[in-house]
Amino acid sequence: MTRFTRMLGAAMLMISTAMAAELALAPRAVAQGQPHPLQPTSPRLERLVRAPGVIEGTLTRVDGRIESVDVSIFLGLLGKTLEVVPDTLIQVNGREAKFADLQEGAKVKAFYEERGAKLVATRLEVLSG
């Protein structure tokens, strides 16, 4: 096996892994065959396009200034930034909590929905230490 073949194989493995991770992070509306976001939509269809999503990973950033969190997966290389709003249900170790209780490094399962250009957390289930 030549050096070029080994490098090509490694590159293909990294690309396929990144693509698989992106599919896992993609909003479910795309996976369910919903219309493309740029297609004209009626209010009825718009509701379907904004399907909820879920991401499981690690809280890599908790920003109290704008009340948002970064949830990262795949060695911190992939993830999403979610805005936390007053309606967001936050649970830490199964108990209701507040934004101030969120700690970087904690494992989280985050449920979110698209609102315009933002991803808004609807529920954060956090497991600390």
Side-chain angles (χ1 to χ4, degrees):
M1 195 181 250
T2 68
R3 181 172 182 236
F4 175 76
T5 306
R6 285 192 308 270
M7 288 176 53
L8 183 62
M12 293 298 288
L13 178 63
M14 288 183 353
I15 290 169
S16 63
T17 301
M19 289 174 64
E22 182 61 29
L23 283 174
L25 293 173
R28 293 181 187 209
V30 174
Q32 294 173 355
Q34 298 297 327
H36 189 275
L38 296 180
Q39 289 178 345
T41 60
S42 70
R44 246 179 166 175
L45 291 177
E46 187 175 328
R47 183 171 40 91
L48 296 174
V49 172
R50 296 179 181 203
V54 179
I55 182 172
E56 290 187 62
T58 304
L59 287 174
T60 54
R61 185 181 62 84
V62 177
D63 188 339
R65 189 174 41 89
I66 58 173
E67 292 206 348
S68 68
V69 295
D70 285 353
V71 180
S72 298
I73 63 168
F74 193 65
L75 305 173
L77 299 175
L78 300 172
K80 298 209 178 278
T81 298
L82 306 176
E83 184 175 318
V84 179
V85 296
D87 294 346
T88 303
L89 173 62
I90 300 173
Q91 293 179 317
V92 176
N93 295 325
R95 295 193 174 149
E96 192 169 338
K98 297 179 181 178
F99 184 85
D101 298 321
L102 300 177
Q103 299 289 321
E104 291 180 5
K107 299 295 180 197
V108 65
K109 183 174 186 178
F111 300 82
Y112 64 91
E113 60 187 24
E114 295 180 46
R115 294 185 190 166
K118 296 179 181 180
L119 298 178
V120 177
T122 55
R123 187 169 80 215
L124 298 173
E125 296 176 359
V126 181
L127 295 176
S128 63

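Heavy atoms only: backbone and side chains are in, while hydrogens, waters and symmetry mates are out.
- Shown here for A110 and V71, the closest heavy-atom pair between the two residues is CB-CG2, 4.3 Å.
- Not a single salt bridge (charged side-chain N to carboxylate O under 4.0 Å, His left out) links E104 to another residue, sequence neighbours left out.
- Taking Ile, Leu, Val, Met, Phe, Trp and Tyr as hydrophobic and joining them when side-chain heavy atoms fall under 4.5 Å apart, one finds L89 isolated, its cluster having no other members.
- Residues satisfying the salt bridge (charged side-chain N to carboxylate O under 4.0 Å, His left out) criterion with R61, sequence neighbours excluded, are D63, D70.
- Of all heavy-atom pairs spanning R115 and T122, the tightest one is NH2-CG2, 4.5 Å.
- Q91 meets the side chain to side chain donor-acceptor pair (under 3.5 Å) test with no other residue; sequence neighbours excluded.
- For E67, the salt bridge (charged side-chain N to carboxylate O under 4.0 Å, His left out) criterion is met by no residue, not counting sequence neighbours.
- The closest side-chain heavy-atom distance from L124 to V84 is below 4.5 Å.
- Side-chain atoms of T88 do not come within 3.5 Å of backbone N or O of R123 as any donor-acceptor pair.
- Distance check, rounded to the nearest 0.5 Å: CG of L119 to CD1 of I55 gives 9.0 Å.
- The structure places CD of E56 at 9.5 Å from CD1 of I73, a figure rounded to the nearest 0.5 Å.
- For K118, the side chain to side chain contact (heavy atoms under 4.5 Å, CB included) partners are E83, V120, not counting sequence neighbours.
- Within the 4.5 Å cutoff, the side chain of V69 has heavy atoms near those of the F99 side chain.
- Between K109 and V54 there is a side-chain heavy-atom pair separated by less than 4.5 Å.
- Checked options T60, T58, T81; the residue passing with S72 is T60 (criterion: side-chain hydrogen bond (donor to acceptor under 3.5 Å, both in side chains)).
- Listed here is the closest heavy atom pair of L59 and Q103: CD1-O, 3.6 Å.
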